[in-house]
Amino acid sequence: MWKQVDKFVYEIPLGAKEGMRVPGRVFASETIFKQAEADKALEQVVNVATLSGILRYSLAMPDIHWGYGFPIGGVAAFDADHGVITPGGIGFDINCGVRLLVTPLTEEQVRPKLGDLLDVLCKEVPSGVGSEGFIKLSVRELDKVLEMGAKWAVEQGYGTFEDLERLESQGQLKGADASKVSKRAKERGLEQLGTLGSGNHFLEVQKVDELFDEAVAKEMRLSLGQVTIMLHTGSRGLGHQVATDYIDVMLKASKKYGIKLVDKQLAAAPFKSEEGQNYWAAMQCAANFAWANRQVITDYIRKGFAKVFGNEIKDQITVIYDVAHNIAKLEKHMVDGMEREVVVHRKGATRSFSAHQPELPSIYGNTGQPVIIPGSMGSSSFLLVGLPGSMEKSWGSTCHGAGRVMSRKEAIRKGNYGTLMDNLGEKGILVRSAERETLLEEAPEAYKDVDEVVHVVEALGLNSKVARMRPMGVVKG
DNA sequence: ATGTGC
């Protein structure tokens, strides 16, 4: 039923399954498509196509794999007036995202002190499941975090106002309303600000390995051999609890509004309904918490580098960009030649706006939005920019990473800790982690080839490559 | 992803 309609484009027509409102479309190479066929991800693309108000296509990016309700790598836009919002299209870790920092240091300067640096960073940035941070918030103060996002952190002295310009949405969504976040969710957030978490979350010291576009790289203050830092984390227990709370609300709302669910995990409410708007407000709170989290951790990273390389380094570590890859956004897009307001769900997908989009900060107005694509542990990561193709084909969206090919359990079963560490060691990659199992879950073998994923989005004209970064040291939760 | 699982 799925068929290839173009190079790297696979489609399933309307009517392939009862209730589909739009066709399904997956951006993939042959290898990647076959991998997606092997799990339930393609079925999930079809399921998403049945949701009310979905526009044009149910889409998936080449890092597609099975997820909760939506596939990870899934992108779907819904009419703001007549469509739904669904937590399954955003994910449990609301505003899980990636931030890229750049230092003035070279590999030669960092390599001899890499071990010390990683030890310091481990101490400065608490990580692991249930990890608690150094900041203990009152509920009153947490409410400010939820409504102000990264701006709260900067006002408290974590980083600079210049950082804020370089974050998607300036690290603050204005529709956040802390009264829509449950007490339980808040309790989980009180001690988790400034913590990394676990799973695929990491902090990585990298070096710029290759430049693909020297002019754009220069505008982004990036040069060959330079050391960068990549941070991947989200909204921790708070976001998870918001998702859990509202999935329950949405199940009831689906019944109330007569929304037919082909999968309960797609529980949804009309975007403009009370339930939809409450989740919308709470989801933005969780997103803001995640941006504050990455902002606080950025400050910790600067402090850590200062301990190893001297105080003056602090001001020289700058933010390149920070992207959310588990989120829904209200955006204006062209639909059949008309501008419309749509709710774009990106679930393991990154916003990828092209140059001159009004939402971009002036520094990136001419280059297009920086898109940060982390590879798996031990493989390269990429810095891309958004191209007009993404506006035309994918609601200004692209992939978010390599994407799994093995489940966590499978990775633990098939992996070998000694071999994994040997392989990383051979590549000169130093690793610090609290949990052996986490490392096995995140083994490179458990992921698709990030080069191939990036090749697909580039070949389709969604993005162009700016730089590739190679890991030197990794801190894992 | 997650004070981790029906």
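Predicted model, so just to flag it, every value in this text is computed and none were measured. In what follows, chains carry the letters A, B, and so on, assigned in the order in which the sequence lines appear, proteins first and then strands, with residues in each chain numbered from 1.
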Rounded distance (Å) that lies between atom [atom2] of [N] and atom [atom1] of [X]:
{"X": "A:E441", "N": "B:dG5", "atom1": "CD", "atom2": "P", "answer": "13 Å"}
{"X": "A:R236", "N": "B:dT4", "atom1": "CZ", "atom2": "P", "answer": "12 Å"}
{"X": "A:H240", "N": "B:dG5", "atom1": "NE2", "atom2": "P", "answer": "8 Å"}
{"X": "A:E435", "N": "B:dT4", "atom1": "CD", "atom2": "C1'", "answer": "11 Å"}
{"X": "A:Y68", "N": "B:dG5", "atom1": "OH", "atom2": "C1'", "answer": "15 Å"}
{"X": "A:R184", "N": "B:dT2", "atom1": "CZ", "atom2": "P", "answer": "16 Å"}
{"X": "A:F92", "N": "B:dT2", "atom1": "CZ", "atom2": "P", "answer": "12 Å"}
{"X": "A:Q192", "N": "B:dT2", "atom1": "CD", "atom2": "P", "answer": "8 Å"}

Is there a donor in the side chain of A:R21 and an acceptor in the side chain of A:T50, or the other way round, less than 3.5 Å apart?
->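 Absent: no donor and acceptor within the cut-off.
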Toward the 5' end of DNA chain B, by each residue's nearest nucleotide, A:H201 or A:V129 =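 This one resolves to A:H201.
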Could you walk me through whether A:D119 and A:R432 pass the salt bridge (charged side-chain N to carboxylate O under 4.0 Å, His left out) check?
-> CA-CA 8 Å; A:D119 290 337; A:R432 297 283 186 276; 2.6 Å; yes
Should we count CD of A:E30 as having more than 12 external heavy atoms under 6.0 Å?
-> no
Using the test salt bridge (Lys or Arg N to Asp or Glu O under 4.0 Å), find all partners of A:K414 that sit at least two apart in sequence or belong to another chain.
->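 With sequence neighbours excluded, A:K414 shows a salt bridge (Lys or Arg N to Asp or Glu O under 4.0 Å) to A:E410, given in chain and number order.
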Pick base, sugar-phosphate or nothing for A:G199, based on heavy-atom distances below 4.0 Å to the nucleic acid.
->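 The residue A:G199 makes sugar-phosphate contact but no base contact.
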Report which part of the nucleic acid A:S235 touches: base, sugar-phosphate, or nothing (heavy-atom distance under 4.0 Å, all strands).
-> nothing
